[in-house]
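Here is the structure we will look at.
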Amino acid sequence: MSTPENPAPTQSPTEPAHRYTPALAGRIEERWQDLWEERGTFYAANPSGALTDGAGEHAGTGQPFFIMDMFPYPSGAGLHVGHPLGYIATDVVGRFRMMCGDNVLHALGYDAFGLPAEQYAVQTGQHPRTTTEQNIVTMKRQLRRMGLAHDERRSFATIDPEYVRWTQWIFLQIFDSWYDTDANRARRISELEAEYEAGTRALPDGRSWADLSDAERRDVVDAQRLAYVDESPVNWCPGLGTVLANEEVTADGRSERGNYPVFTKSLRQWKMRITAYADRLTDDLELIDWPEKVKSMQRNWIGRSTGANVRFDVVGASDHDAAGAGAQVEVFTTRPDTLFGATFMVVAPEHPLLDEVPAAWPDGTHGVWTGGYATPIEAVAAYRSEAASKTAVERQADAGKKTGVFTGHLAVNPVNGSTVPVFTADYVLMGYGTGAIMAVPGGDQRDFDFAEAFELPVVHTVEPAGGLPPEHVGAYTGDGVAVNSTNDEVSLDGLGVADAKERIVAWLEAKGAGEGTTTYRLRDWLFSRQRYWGEPFPILWDADERPVAVPADMLPIDLPDVPDYAPRTFEPDDVDSSPEAPLGRNDDWVHVTLDLGDGPKRYRRDTNTMPNWAGSCWYYLRYLDPTDATDGPAEGTAVVDPELETYWLGPRHNATSGAAGGVDLYVGGVEHAVLHLLYARFWHKVLLDLGYVTSIEPFGTLFNQGYIQAYAFVDDRGQHVPAAEVAEGPGPDGEPQYTWNGQVVQREYGKMGKSLKNVVTPDEMYEQYGADTFRVYEMSMGPLDLSRPWETRAVVGSQRFLQRLWRNVVDEETGEVTVTDDAPDAATLRAMHRAVADVRVEMEHMRPNTAIAKLITYNNHLTGLDRVPRSAVEPLVLMVAPIAPHIAEELWHRLGHDASLAREPFPVADEQYLVEDTVTCVVQVKGKVRGRIEVSPSVSDADLEAAALAEPNVVRAIDGAPVRKVIVRAPKLVNIVV
RNA sequence: GCCCCGGUAGCCCAACCGGCAGAGGCAAUCGGCUCAAACCCGAUCCAGUGCGGGUUCGAAUCCCGCCCGGGGCACCA
């Protein structure tokens with residue numbers, strides 16, 4: 001077995017024995033990876049407990065710095081070169097922070113439950129646990145070979161029973177909570193019961209607690225839990241055989257995963273009351289350092305909008321039958337100031353008002369309103385069934401086209417007593433606001449379109465200064481002042497929009513006709529799935545079909561063996577199908593007899609599993625305290641030791657941590673903007689309310705990395721051809737042309753994927769270049785947040801850089817270290833300190849691409865020297881270390897240092913070498929460069945101006961014209977205006 | 001339709017608060033090394049910053065209006 005010091009002879013006899021070849025790089029890399037592991041080099045020290053650093057010490061004076069990657073899904077397909085980009089970036093930051101003296105915590109776990117793992121297992125006919133664990137082993141090997149500075153002791157997978165235990169434990173905490181809107185936080189169910197018992201809190205429906213049976217009391221409480229079961233319309237996806245959360249359904253009504261149709265079906269399902277946190281989830285975005293794009297996506301998804309609920313009396317109907325007599329319809333509007341312009345109403349087709357409609361059309365019904373039907377009953381029934389049968393896709397396609405029908409109901413506008421017709425139309429959604437709107441065609445384009453189609457009157461109640469131009473057609477949605485908005489008691493005329501809103505809301509509230517309110521687009525999170533590969537719910541159903549929490553000491557509830565773990569799926573468009581949970585297939589598991597303190601009883605286990613998001617909702621906490629309760633409080637009842645949470649995550653736990661605390665750097669793709677990131681924030685806030693954490697937000701700083709894209713090539717038949725075998729050459733017109741086996745192929749730009757035949761794997765890169773070269777290339781391709789194309793042939797540039805670095809220290813022929821102990825010359829000193837100063841700035845701002853450029857520049861300077869001074873190259877080796885750690889460790893070692901450089905201080909520039917002896921001053925005439933003069937950096941404005949005016953080329957350019965103005969920016973620039 | 005990001009050399013990308021358009025890499029060309037080639041070393045070539053206006057002594061950078069590419073949202077009252 002050869003060692004890096006004594007490499008095996010290379011194939012080619014002419015190749016120097018000690019050249020930095022891929023083979024040598026590989027030996028160096030694997031040796032250091034073993035050494036780091038043996039020494040525990042990257043062990044992060046907790047302030048107390050079992051986890052110390054590699055030397056057995058607890059956390060010292062270094063600032064805690066917690067770095068995280070969005071953890072991977074161990075796919076069966078293996079990694080391609082695009083996947084590790086973020087992992088390398090966080091590794092570079094982590095190693096850099098370590099060299100800056102921070103106590104860095106960086107580890108990687110695996111998100112291993114979920115649909116793809118299950119589907120892969122079904123395909124290969126194996127148990128999901130088998131395939132998932134195999135995939136994790138493969139992925140760990142690929143990632144280890146990259147040399148990531150992770151604390152391996154803190155790695156885990158969400159499928160580990162010890163992890164599942166805590167996922168289920170958190171679920172039970174949420175189940176055991178309700179939201180106190182007065183205190184604006186979650187509290188324990190026992191406190192709710194105590195307040196009901198004491199009579200200090202009224203029951204929602206006004207009944208008396210004392211009068212209720214035990215069963216009734218449980219129903220009251222169960223309905224208020226943050227994790228609750230209810231029957232309501234949910235997203236049912238027959239193609240996947242499970243229900244889905246709103247966040248998992250695309251805008252055109254298909255499943256995000258698998259792209260199957262999704263139908264609305266009323267089912268009894270578990271939900272999480274995330275809506276209780278809508279305000280805090282919106283407001284606290286102010287406290288964290290996230291990309292504005294992600295923040296706005298979250299705000300958008302939560303969709304807070306303030307306005308008013310206004311009640312319209314429904315009239316007229318009583319003349320025909322009893323339906324609706326004395327009834328009211330409540331609408332939500334963000335523009336109560338336009339109430340005087342409401343000339344009709346629209347309710348969603350599913351609105352309960354339509355359950356009974358008048359038997360005959362009232363007087364004054366326009367022909368166009370009826371849709372040709374003889375009675376409102378027929379018209380509404382027809383429209384409702386038409387709307388119900390419309391798929392989300394069709395509805396989407398029809399957006400903008402206004403359909404609807406008059407319901408026969410008339411309502412009274414509370415501000416002016418005018419009678420307005422009530423229509424139903426599918427442009428009003430039952431799921432938003434109250435499912436009913438007041439239509440103001442003068443102020444809303446959608447209402448205007450509807451009014452035009454149905455010949456309804458238009459009243460403008462807002463006008464811009466100077467009034468609407470006579471040629472104005474359509475709604476006026478701009479700013480302006482109220483007009484036509486006066487009744488006997490209140491007038492809005494002349495008020496701006498904000499003032500008008502305030503005045504009319506006050507009037508509505510005084511009249512009892514409405515009140516100011518806030519609505520949200522966010523819905524409660526549908527939390528149950530009818531799949532096998534997920535966490536079972538720690539819930540038992542008693543004989544009365546009421547839920548009972550499994551005691552914490554009985555956790556985890558393991559997945560049962562079932563004869564078939566494939567989900568029961570259906571034809572993707574089978575609307576009438578219903579979910580069937582695979583866990584129900586094991587009768588022995590489902591039915592249990594347990595003594596929960598009131599004697600042995602029969603229970604039925606909940607057969608749902610949790611969504612994939614559950615495990616990723618709290619994994620950041622697991623990194624802090626990965627050894628379960630052994631590190632925690634004596635009873636072992638908390639998900640994370642409070643001391644560790646405060647140390648790593650608490651508000652202002654280091655110099656850059658904000659008031660919300662949280663992970664110091666969280667890197668991942670933007671695709672989780674509203675799913676994982678919203679759910680995790682919600683769980684974190686529940687844990688905060690219950691006192692388990694002190695940080696207000698889980699992720700203090702978020703960074704979205706770009707994607708590595710790739711070119712793919714297709715032939716005439718549209719078939720992809722292997723990208724690696726495509727040749728590029730000039731075509732007949734001089735433009736680049738691509739050929740494969742002699743035939744011309746077309747180039748496409750996009751993802752890297754098996755079916756596109758353009759996958760490049762990290763393993764190939766290790767083999768052909770080594771891990772360090774691969775790392776340097778990925779980091780030098782461009783800024784981290786930009787997507788860019790992979791180009792294997794360009795990797796050689798990074799390899800050349802490392803080879804030159806190697807040769808600056810080691811003789812390729814003999815393997816001898818060639819550095820001298822001579823003092824560097826002045827130019828080298830200046831170049832070195834310039835590089836040190838610049839590289840530090842680039843690293844601090846997470847710009848490895850420009851840091852590498854400056855390292856290359858300095859390395860090239862050293863290459864030009866006859867002998868490289870040790871003191872000139874050692875700082876370079878240290879600065880390279882975060883990006884290419886193996887070669888840096890090896891050179892550091894060969895330069896005579898016994899210890900790893902992982903915690904050597906990152907070089908600091910000496911100011912005195914940063915000032916140049918002279919600087920080149922540019923002299924412009926009318927903004928154009930006409931001359932250059934060498935001057936002292938400390939030259940005075942006056943001297944510089946005089947020198948500039950004397951410069952021969954400048955004199956020629958001025959050509960005797962009178963000088964009007966001279967702008968001097970000493971010492972770099974003079975601009976002469978003539 | 002609305003919102004966000006981007007457009008600089010053949011390609012990937014730099015350019016701080018407006019101050020010489022170029023740090024780095026790839027490719028190409030030439031030269032050196034070599035019996036020769038590859039590797040390696042050295043050098044050269046290449047854009048006036050997507051388009052049109054404006055502000056300024058001076059604009060890749062700031063403002064206005066467009067074009068192209070990528071992403072997000074989309075009958076949310």
Side-chain angles (χ1 to χ4, degrees), chain A residues 12 14-16 19 21 251-252 291-294 296-297 300-301 303 305 307 331-335 338 346 395-396 398-402 425-429 431-440 443-447 449-450 519-521 670-671 673-674 704 706-707 709 728 730 734-736 749 776-777 780-783 785-791 793-798 800-801 803-804 807 812 838 841-842 845 847 849-857 859-860 863-864 920-932 964-967 969 972-978:
Chain A
S12 157
T14 53
E15 180 139 287
R19 170 162 293 174
T21 59
D252 55 356
E292 200 45 52
K293 177 192 173 76
V294 177
S296 79
M297 283 168 75
N300 221 316
W301 187 262
S305 70
V331 304
F332 172 72
T333 175
T334 57
R335 293 295 302 275
T338 63
V346 185
R395 205 165 162 143
Q396 180 69 19
D398 291 344
K401 204 168 72 191
K402 294 287 174 289
D426 64 2
Y427 83 94
V428 173
L429 311 173
Y432 186 78
T434 59
I437 62 160
M438 60 174 210
V440 184
D444 183 290
Q445 191 56 45
R446 295 158 301 178
D447 295 346
D449 294 343
F450 192 87
T519 64
Y520 305 87
R521 200 180 89 108
V670 73
E671 67 272 17
V674 288
N704 294 126
Y707 299 102
Q709 311 265 69
E728 179 182 348
E735 293 294 302
Y749 179 57
V776 170
Y777 176 64
S780 64
M781 288 169 78
D785 52 357
L786 228 67
S787 294
R788 53 208 173 268
W790 176 267
E791 194 182 8
R793 66 176 181 176
V795 178
V796 68
S798 301
R800 288 177 189 153
F801 163 53
Q803 284 179 333
R804 282 196 297 271
R807 280 201 304 270
E812 284 192 333
D838 291 349
V841 170
E842 301 306 313
H845 292 90
R847 293 191 291 254
N849 54 324
T850 46
I852 290 168
K854 289 170 195 314
L855 291 170
I856 291 174
T857 306
N859 189 51
N860 288 349
T863 303
T920 304
C921 175
V922 174
V923 186
Q924 299 175 334
V925 178
K926 290 197 291 185
K928 299 251 186 290
V929 179
R930 296 298 183 192
R932 293 181 171 81
R964 303 214 328 249
K965 192 173 179 185
V966 180
I967 294 120
R969 292 283 178 277
K972 304 269 289 202
L973 179 127
V974 177
N975 189 10
I976 297 157
V977 188
V978 294

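Predicted, not measured: the structure shown is a model, and the values here were computed from it. Throughout, a chain's letter reflects where its sequence line sits, starting with A, and its residues are numbered from 1.
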Can you check the distance between A14(B) and G7(B), where both ends of the measurement are the C1' atom (answer in whole Å)?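 These two C1' atoms come out 15 Å apart once rounded.
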Students often get this wrong, so: under 4.0 angstrom with heavy atoms, is Asn860(A) touching a base, only sugar-phosphate, or nothing?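 Sugar-phosphate only.
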Checking Arg847(A) now: which residues fulfil salt bridge (charged side-chain N to carboxylate O under 4.0 Å, His left out) with it, not counting sequence neighbours?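 Scan of Arg847(A) (salt bridge (charged side-chain N to carboxylate O under 4.0 Å, His left out), adjacent residues dropped) gives Glu842(A).
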Rounded distance (Å) that lies between atom P of C5(B) and atom OH of Tyr707(A):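 That distance rounds to 18 Å.
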To the nearest Å, give me how far apart CG (Asn859(A)) and C1' (A23(B)) are.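 Atom-to-atom, Asn859(A) to A23(B), this comes out as 15 Å.
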Is the distance from OP1 or OP2 of A28(B) to the nearest side-chain N or O of Arg793(A) less than 4.0 Å?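 For Arg793(A), the contact criterion (side-chain N or O under 4.0 Å from OP1 or OP2 of A28(B)) is not met.
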Under 4.0 Å between a side-chain N or O of Arg800(A) and OP1 or OP2 of C40(B)?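 Answer yes for this pair, as a side-chain N or O of Arg800(A) is under 4.0 Å from OP1 or OP2.
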With 3.5 Å as the limit, what N/O pairs link the protein to nucleotides 12-20 of chain B?
| from | atom 1 | to | atom 2 | distance (Å) |
| --- | --- | --- | --- | --- |
| C12(B) | O2' | Met781(A) | O | 3.0 |
| G19(B) | O6 | Arg969(A) | NE | 3.4 |
| G19(B) | O6 | Arg969(A) | NH2 | 3.4 |
| G19(B) | N2 | Gln924(A) | OE1 | 3.1 |
| G19(B) | N2 | Asn975(A) | ND2 | 3.0 |
| C20(B) | O2 | Arg932(A) | NE | 2.9 |
| C20(B) | O2 | Arg932(A) | NH2 | 2.5 |

For the residue pair Glu671(A) / Tyr707(A), report whether a side-chain donor-acceptor contact shorter than 3.5 Å exists.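 There is such a pair between these side chains.
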Backbone of Ser780(A) reached by a side-chain donor or acceptor of Asn849(A) within 3.5 Å: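 Looks like no, no N/O pair under 3.5 Å.
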Where the side chain of Arg788(A) meets the backbone of Pro783(A), is there a donor-acceptor pair that is under 3.5 Å apart?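 Yes, because the side chain of Arg788(A) sits within donor-acceptor range (under 3.5 Å) of the backbone of Pro783(A).
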Residue Lys402(A), side-chain atoms from C-beta onward, closest of C75(B), G25(B), G72(B):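 Among the listed nucleotides, the one closest to the side chain of Lys402(A) is C75(B).
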Using the side-chain heavy atoms of Ile437(A), tell me which of these nucleotides is nearest: C26(B), C40(B), A77(B).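 Of the options given, the side chain of Ile437(A) lies nearest A77(B).
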